[in-house]
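As C-alpha cells, the structure follows; a few thoughts come after it.
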There are 2 protein chains.
Amino acid sequence: MDVYINLDFESNEPIYTQLMHQIIAGIAKKELKPGDALPSVRSLAADIGINLHTVNKAYQQLKQEGFILIHRQKGVVINPDGVPQADDQYMNNLTSTLHPIIAESICRGLSKEQVLQLTGELYENFTKKEGGDK
Amino acid sequence: MDVYINLDFESNEPIYTQLMHQIIAGIAKKELKPGDALPSVRSLAADIGINLHTVNKAYQQLKQEGFILIHRQKGVVINPDGVPQADDQYMNNLTSTLHPIIAESICRGLSKEQVLQLTGELYENFTKKEGGDK
DNA sequence: CAACTGTTATACTATGTATATAACAGATAT
DNA sequence: ATATCTGTTATATACATAGTATAACAGTTG
C-alpha cells in the first residue's frame, strides 16, 4: 500500500522536492487516499537512505499546503478532508508557473494542439487505472 | 524596440532565470525576431541595476539553449536561424516539468477541461497581437 | 588612442540543500 | 514504570548556487 519512492540523486531537483512530487502524484493517482497513513520521518528516511530532516522538510511543506496532516504523536496522514480546492492564489501561481513553459514551447515550434495533447495525456495518465498492485 | 524587463527582487526565482524567461517570452510574442540585437551585458546590467555577471549568466544559458548567438566582439543577437525546434530531449524535459504541475492541479480539483483551457489561453496570449508599442 | 564588445579570474557574502548528532515531550505498549 | 515510538527543535558542518564587486584581457570599432 506504500507509495514507491524513486529518488534521483544526480538530479538538480532537490530531494525534498522530489519526495513532495511523488507523494502528490500518489494522491493524484488515488494510490494515496484521504486518511491514509504515511511512514514516520525516521522510517521513511531510513527506507530511502536519506536524512530525517530532509523527509521532515518535505512533510512540513506538504502540511503547509494542505496535502497532509501531522498529529503530534500519532503520525502523518493524507488530509482526511481532501486536498484544499484551487483558490485564486493557487490559480495565480499555476499561471505564473505555466507562463514561461508555454513561452518556450512556442519558441520551439510546438503548435497549440501539440501542447494541449501532451497536457491532456499527462492529465489522463493520472486518472487511469494502472493495473493496481495485484 | 527593446524588451521591457521587469524583475521581482522579492521572488525566490533567481534574477538570471527571470531575465531568461522574459527574453524567451519576447521571442514567443515576436517582439524579438531572429537577428534582433540585445543590449550588451554591461548596459543591460546598468539599465536594470544588477551585476554584469548576472546578465552574462542568463545570456550564456540562452546561448547554450540556442535562443541567441554571441559574436565575440560584435554583440548579442536573437538566433538568426530561429530557435532550434523541439527534439526528443526537449520533449522529455517538458514532460518531466509538466508532470508534477498537473498532478497538483488534479489534487486541487481542476478538471481536464479547466487545465486545457488555461493552457490554451496562455498559449494564445503569446500569439495575439497586443496593440504593439504605439 | 579611446571606447566599446564578450570573456575570464578572483573574492566575498548570503542562502538553500543535505547531512549528522543530540535532546525534548508526549503517546503507547509491554 | 520502562522502553519505544512519534514529531519537534537545536546545533553544527559541508557544499552548491546566486549575486555582487573589482579587475584585467583581447579583439573591434570610432
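Protein chains get the first letters and strands the later ones, always in sequence-line order, with residue 1 at the start of each. Small disclaimer: the values here were computed from a predicted structure and weren't measured.
- Residues B:Phe126 and A:His99 bring their aromatic ring centres within 6.0 Å.
- The phosphate of D:dG19 has neither OP1 nor OP2 within less than 4.0 Å of any side-chain N or O from B:Tyr16.
- Nearest-nucleotide assignment on DNA chain C puts the 5′-proximal partner with B:Leu38, out of B:Leu38 and A:Gly49.
- Put simply, CD1 on A:Ile15 and CG on A:Asn51 are 9.5 Å apart, with the number rounded to the nearest 0.5 Å.
- One finds no side-chain N or O of A:Thr54 lying less than 4.0 angstrom from the OP1 or OP2 phosphate oxygen of C:dT17.
- The base of C:dT7 is paired with the side chain of B:Arg42 by a donor and an acceptor separated by under 3.5 Å.
- Distance CG/A:Asn79 to CD1/A:Ile68: 9.5 Å, rounded to 0.5 Å.
- In terms of position along DNA chain C, the nucleotide closest to A:Lys57 lies nearer the 5' end than the nucleotide closest to the other residue of the pair A:His53 and A:Lys57.
- In this model, the phosphate group of D:dG7 is not approached by any side-chain N or O of A:Asn56 to a distance below 4.0 Å at OP1 or OP2.
- For the residue pair A:His21/B:Glu104, the side-chain donor-acceptor check at 3.5 Å is not satisfied.
- Within the 4.0 angstrom heavy-atom criterion, no nucleotide atom of any strand lies near A:Glu13.
- Side-chain N/O atoms of B:Gln60 include none lying less than 4.0 angstrom from OP1 or OP2 on C:dG6.
- Applying the 4.0 Å criterion to OP1 and OP2 of C:dT5, one finds that B:Ser40 has a side-chain N or O inside that range.
- No contact: B:Tyr59 has no heavy atom under 4.0 Å from any strand.
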